[in-house]
Amino acid sequence: MGIIRNIYILYSIDLSVLCCALLLPGLRELTTTCSQDYLKNVLKDMSPKATTMDLSNKIPCQPQNLDFSPFPKLKVLILSHNRIQHLNMDIFRFNKELEYLDLSYNNLSNISCYSLLSLKHFDLSFNDFDNIPICQEFDSMSQMEFLGLSGAQIRKSDLQKVAHLQLSTFFLGLNHLSYYEEGSLTVLNTERLHIVLPENADYRFILCDGIHTSKTLEMANVSRDQFTSYGSQKNPLLESPKYPKTSHLLLSNIHVPWQEFVEIMQFVWHSSVQQLQVQNLIIGAQSDLKSRLFNYSSTSMKALKVEHVTVRTYSFRQDIVYLFFTKMDIANLTISDGGMPHVVFPKYPTKFQYLNFANNALTDELFLNTLQLPYLKTFILQRNKLETLSTVSSFATKTSLVHLDLSQNLLQYADGKDCYWPETLSTMNLSSNKFTGSVFQCIPKSIQVLDLCNNDIRTIPREIENLKALWELNIASNSLTDLPGCENFQRLSVLNIEMNSIISPSLDFFQTCQEIKSLKAGGNPFRCACDLRNFINLEKKSQGLMIGWPDAYTCEFPLELKGILLENVDLPELSCNTPLLIAVILIVGLIWTVIMAMLCIRLDLLWYLRMIVQWTRAQHRSRNVPLEELKRTIQFHAFISYNEGDSLWVKNELIPNLEKEDSSILLCLHERHFIPGKSIVENIINCIEKSYKSIFVLSSNFVQSEWCHYELYFAHHKLFHEGSNNLILILLEPIPQYIIPTRYHKLKSLMAQRTYLEWPKEKNKHGLFWANLRAAISINLSESGKMNSSQTISEL
Ligand SMILES: *[C@@H]1O[C@H](CO)[C@@H](O)[C@H](O)[C@H]1NC(C)=O
Ligand SMILES: *[C@@H]1O[C@H](CO)[C@@H](O)[C@H](O)[C@H]1NC(C)=O
Ligand SMILES: *[C@@H]1O[C@H](CO)[C@@H](O)[C@H](O)[C@H]1NC(C)=O
Ligand SMILES: *[C@@H]1O[C@H](CO)[C@@H](O)[C@H](O)[C@H]1NC(C)=O
Ligand SMILES: *[C@@H]1O[C@H](CO)[C@@H](O)[C@H](O)[C@H]1NC(C)=O
Ligand SMILES: *[C@@H]1O[C@H](CO)[C@@H](O)[C@H](O)[C@H]1NC(C)=O
């Protein structure tokens, strides 16, 4: 034995089960026992402070000495889907705070109880109990809200022991059911009774008792194998319930012959049930639809919801089934996900207010017979095969329809026929169809909420009726290229236009849609250019207006901005606003002109410019003169001629400045260099011919008294022909034209050409004046010049 245990410890559970089953088939009881080490291993990662512990699918064996005392804080413990066969609940005696204990889906057949005072949720469903396990200790567990049990045999006397517990849910999860004592469930005291039956169990007494037990009843796996019969026992469903309690009944996984389903419905019809939900209904193959007549009189039923219907019968008279439901004439009827190609209504007006035939295969044919639904407010035809909107509208005139869901069909509005909608219609869901812009001609004026998403709308026509009541419009996932204007939807406040083809929203929207409070426009291929600024500013102006901002709004064009968030795109006011741009350019130009003008006036800019031009010309010329030739004849840099009246200026300004820095400049002055005995003119000519330049200091005096000496000479002498460079005139003061005698042609022409230097009155300009003058006369007279000058001086 010890060896076997050691092997078990060393190998995994499955292996040990296999090997021991092979070696020692008689010791099955032992081999499915978990070792201490195994359990320790499972629990070793758990913190002692753990409040929740999920050990489902972790203990594939019968635990021995399972110990939860190291976890005193434990509140939730899940031990479901294990192989526990018996359990002594006193292992939880140190877990005083335990509230939730799930032992479902084990192999429990024997349990010894322990009073857990805080326990609220206790689940023993789907175990192998023969009888429902009831402990004395339940008496004290008054906190209990959920109690889940199981047992192959259900007896009233057993359930009686929990009858005093005020439960919110009593759950019976049954693997097997071999005996059910009539009336057992009715002793329970619970809000909700939930029963999952084993396959092919006799559900009838349980359903009957359940309806007499709780407000809410849920039963799963209501099925009968076509080959089993209930024998000669009386059928409880054929009698009307006496004191029913259930108002909400949910039956799921119903697989019974049609007649039996009708029987169930008849039983429920005359009970207290107000809402019946049938999920996963399979109408069996052996169904005989010629069932007994259904008694439609007096019911509490208000809403029937049949979801997911499968028909497994070959000779299936559809009309009988459709009429079976539509004749019920209750407020709410849902038959969804049933593949119904058609529905037939009784020929008289019915009281339906809410009809939901979603996810079937209904076609336009539904509306070819007149439907009389005067009280109908909501009609849901989502996911069918309807095609023509005008045909669909034909049933609606005489209804009080408020909400119509035609989404996910094949609908179009192309025939241009009139549509007939009641004035009450306020919500339409036309999403996921094949509509184009023309659908707006078939929308009632009263519409408030319109869903047209996922269609084929390219434009919204302008000539549609005013939809004055419309405040929410969804045109997402269409092919619109622009935001719609609100001329026709003056109260529009919620607009969804994401996933369209909007490149650049036009101004129309911003001007007409004043009431918009929420705009969803992401997922469009925006072109991030100036046109988009209005749009981007919309969010900046009123924050929260754009749903999905900023993440859903990205540029698509131009390519270099692709993927950039609109929020981060920089479109400056200046580059986008043409009038502003022109205005700015004009203003800048004007300011520049004014500044220039002021500079000219203030600082004689023009004078400076002229001086600089002359100076550069002089520089240029002095370089071009054939030096060799000059050097042969010339001894002086300049000859200076002036009137006695200006001698003060000449001696104090001109000469010192010309001779200043550069002592090599030689000047010919008539008082220095005039040769006595010769006439003035001869002297002048002699001086002029030996000088590189001739400087005349012009003033009124000079013109009147000195110029006469030169006029004749200049007129005949080649050296001073027009444009000659050898002459430098300095204008000491302005000389009015009338002062110049008419016979002085040369002077007049020189003055007219303005080929003179003006002596500036302002001191700050003098520097430039002198520099200019020096540049004009400067020439290198080095060896020959120096020699000549010394000769001249010695001659003198
Ligand atoms: C334990 O229960 C499971 C399912 O509930 C069942 O398949 C299995 O045979 C049971 N094992 C024993 C030893 O009863
Ligand atoms: C339940 O199990 C305990 C111990 O495992 C045993 O003493 C007791 O007899 C069992 N009771 C039944 C009804 O099998
Ligand atoms: C019985 O009901 C449960 C819960 O609704 C479901 O999981 C199970 O598949 C059903 N069994 C059958 C045979 O329909
Ligand atoms: C229909 O059911 C009502 C109420 O249960 C009953 O009064 C009436 O007699 C029934 N009619 C027929 C024809 O069985
Ligand atoms: C019937 O349907 C309407 C609309 O969905 C709903 O408001 C109402 O609660 C339903 N009535 C019942 C009894 O289910
Ligand atoms: C329209 O129906 C679709 C499903 O077909 C749904 O997703 C959408 O929310 C509905 N629109 C409105 C406004 O209820």
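For clarity, every value in this text was computed on a predicted model and none was experimentally measured. Order of appearance sets the numbers: ligands from 1, and atoms from 1 within every ligand.
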Parallel, tilted or perpendicular: ring planes of H342 versus Y322, cut at 30 and 60 degrees: perpendicular

Distance (rounded to the nearest 0.5 Å) between L430 CG and L404 CG: 7.0 Å

Any S432 heavy atom less than 4.0 Å to ligand 6: no

Residue S407 vicinity, atoms of ligand 6 by number, heavy atom under 4.0 Å: 2 (O), 4 (C), 5 (O)

Heavy-atom neighbours of Y420 OH exceed 12 at 6.0 Å: no

Atom 2 (O) of ligand 6 touched by protein heavy atom at under 4.0 Å: yes

Whether F324 and Y296 hold their rings parallel, tilted or perpendicular, with breakpoints at 30° and 60°: tilted

Q382 neighbourhood, listing ligand 6 atoms whose heavy-atom distance to it stays under 4.0 Å: 4 (C), 5 (O)

Aromatic ring pairing W269/F294, orientation class (parallel under 30°, perpendicular over 60°, tilted between): perpendicular

Parallel, tilted or perpendicular: rings of F146 and H121 (30°, 60°): parallel

Distance from atom 9 (O) of ligand 6 to nearest protein heavy atom, with residue and atom: D451 OD2, 4.5 Å

Proximal ligand 6 atoms for Q408, defined as those under 4.0 Å from one of its heavy atoms: 4 (C), 5 (O)

N/O separation below 3.5 Å, E472 to ligand 6: no

Numbering as shown, the atoms of ligand 6 that approach S431 to under 4.0 Å (heavy-atom distance): 1 (C), 2 (O), 3 (C)

Identity of the nearest option to atom 8 (C) of ligand 6, non-hydrogen atoms only, from L450, N429, N474: N429

Contact (N/O only, under 3.5 Å) between N332 and ligand 5: yes

For atom 5 (O) of ligand 5, closest protein heavy-atom neighbour: Y354 CE1, 3.2 Å

More than 12 heavy atoms of other groups within 6.0 Å of Y348 OH: yes

Whether F171 and H194 hold their rings parallel, tilted or perpendicular, with breakpoints at 30° and 60°: tilted

Interfacing atoms of ligand 5 (cut-off 4.0 Å, heavy-atom, A303): 12 (C), 13 (C), 14 (O)

Pair T388, D364: side-chain N/O donor-acceptor within cut-off below 3.5 Å: yes

Closest protein heavy atom to atom 4 (C) of ligand 4, given as residue, atom name and distance to 0.1 Å: S298 OG, 3.3 Å

Atom 11 (N) of ligand 4: any protein heavy atom closer than 4.0 Å: yes

Proximal ligand 4 atoms for S297, defined as those under 4.0 Å from one of its heavy atoms: 1 (C), 2 (O), 3 (C)

Option set N295, T299, L293, criterion heavy-atom distance to atom 13 (C) of ligand 4, minimum: N295

E487, CD atom: more than 12 neighbouring heavy atoms under 6.0 Å: yes

